[in-house]
Amino acid sequence: MNYPYVTEFRQSLVEWFNVEKRDLPWRHTTDPYKIWVSEVMLQQTRVDTVIPYYNRFMESFPTLELLAEAPQEYLLKHWEGLGYYSRARNLQAGVREVLENYGGVVPDNRHEISKLKGVGPYTAGAILSIAYNKPEHAVDGNVMRVLSRVLNIHEDIAVPKTKKIFEAAVEELIDPENTSSFNQGLMELGALICTPTSPKCLLCPVREYCTAFNEGEPEKLPIKSKKVKMKHISYDVLVCQDDKGRILLEQRSAEGLLANLWQFPMLEHGKDSIDTFINEYAMNVQPKQELLTFKHVFSHLTWHINSYFMKCNSAVKGEWLTHEQIELLPMSVPMLKIWQEIKD
DNA sequence: AAGTCGGGGCT
DNA sequence: AGCCCAGACTT
């Protein structure tokens, strides 16, 4: 296929980006490692959310070597609240691969960089185009929305293979002289102008080349089917304090949801018995005191949480930790909420 | 291709 | 109450 006005489209997009782009921390560098970190943090995560995490991360792990050496607990503490915690583990694994297999230099080609843990098609293209100025596609949700409108693509973007259509389109459209600004320009346009609802077409630098704008209904695109069914689980969360003021913590399994994060003991409602729990830990407990009751929504499930505080003694097992020790451990947002309530 | 994996902001 | 966000990995 051959798109008309390709030269004009490139020029309009790149010029707009160079003038209107936001001043973001990772736009002050072309260090492949730093671009890599930013792209991983930005997966399914908004720019405004990422900024403080990125800055803190770069203060603690300014180089690939320092990240490779970091204790996982310390690494996860920097990721606490950002979500999708496997990203952090995969990033560290990827960084270690670079040190072992590539002499500490992030690969500059798609074949090798795609082998790194946590680096998929999008992140590979983003690093290659932004850090190395390679003419590689980097197709994310923004790009699919923008190009579905510009090129009038009605394929269902919820279907995985549809992404190939957009990757092929970018390969033809990308400005070989300005790959970084072109790819970032598409994403910036999606974030600032070509938004999901009520796109600001009158401010768009490429509206004259946009089929959906010219036909009048850009907000109808892209087409996306799918909706996921939500599961619900109820838990009792127990904050147990012994006579020395220490609190009982447990670490979640190394796999699955919130892997390796720490939490107060959780009992699934209707499945785990509180009496069994108390027996197991050989505790004498005073009547429990209600803390918070709230709902926490994940992507595909909802936790309904009842939390309780209880003073205990004679506990013989478990990780009983001081206030200061707990502060150093990575916990999920629902646990942090409960912890904050305890402290108040 | 479908399911898993966080959390927050916007409509 | 959904939808979406600079997605990747597992099955």
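In the text below, chain A, chain B and the rest are named by the order of the sequence lines, each starting its count at 1.
- The gap from the P atom of B:dT4 to that of C:dA6 amounts to 24 Å, rounded to the nearest Å.
- Between A:F298 and A:H300, the distance from one ring center to the other does not fall under 6.0 angstrom.
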Could you run down nucleotides 5-11 of chain B 5' to 3' and tag each one B, S or - for protein heavy-atom contact under 4.0 Å?
BBBBB-S
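- A:R22 comes within 4.0 angstrom of a nucleotide base, judged by non-hydrogen atoms across all strands.
- Counting side-chain heavy-atom gaps under 4.5 Å among Ile, Leu, Val, Met, Phe, Trp and Tyr, the cluster of A:I223 also holds A:L221.
- Using a 4.0 Å heavy-atom distance criterion, A:W26 is classed as a base contact.
- At the heavy-atom level, A:V119 lies under 4.0 Å from the strands shown only through sugar-phosphate atoms.
- Listed by chain and number, the residues in a ring pair (Phe, Tyr, Trp, His ring centres under 6.0 Å) with A:Y308 amount to none (sequence neighbours excluded).
- To the nearest 0.5 Å, atoms CE (A:M310) and CG (A:L291) are separated by 11.0 Å.
- Listed by residue number, there are no residues of residues 59-73 of chain A with a heavy-atom contact under 4.0 Å to DNA chain B.
- Look at A:K231 and you'll find a side-chain N or O under 4.0 angstrom from OP1 or OP2 of B:dT4.
- Cluster annotation: A:W303 and A:L238 are assigned to distinct hydrophobic clusters (Ile/Leu/Val/Met/Phe/Trp/Tyr, side-chain heavy-atom contacts under 4.5 Å, transitive).
- When heavy atoms are screened at a 4.0 angstrom cut-off, A:R89 is found touching no nucleic acid atom at all.
- For residues 315-344 of chain A, the pairs satisfying ring pair (Phe, Tyr, Trp, His ring centres under 6.0 Å) are A:H323-A:W339, with sequence neighbours left out.
- A nucleotide of DNA chain C counts as in contact with chain A when one of its atoms lies under 4.0 Å from a heavy atom; the first and last such, 5' to 3', are C:dC3 to C:dC9.
- Checking A:E73 against A:W262 by side-chain atom types alone, a donor-acceptor pair falls below 3.5 Å.
- C:dA8 sits 22 Å from B:dG8 when the P atoms are compared, rounded to a whole Å.
- Of the charged side-chain nitrogens involved, none lies within less than 4.0 Å of a carboxylate oxygen, so that A:K164 and A:E167 do not count as a salt-bridged pair.
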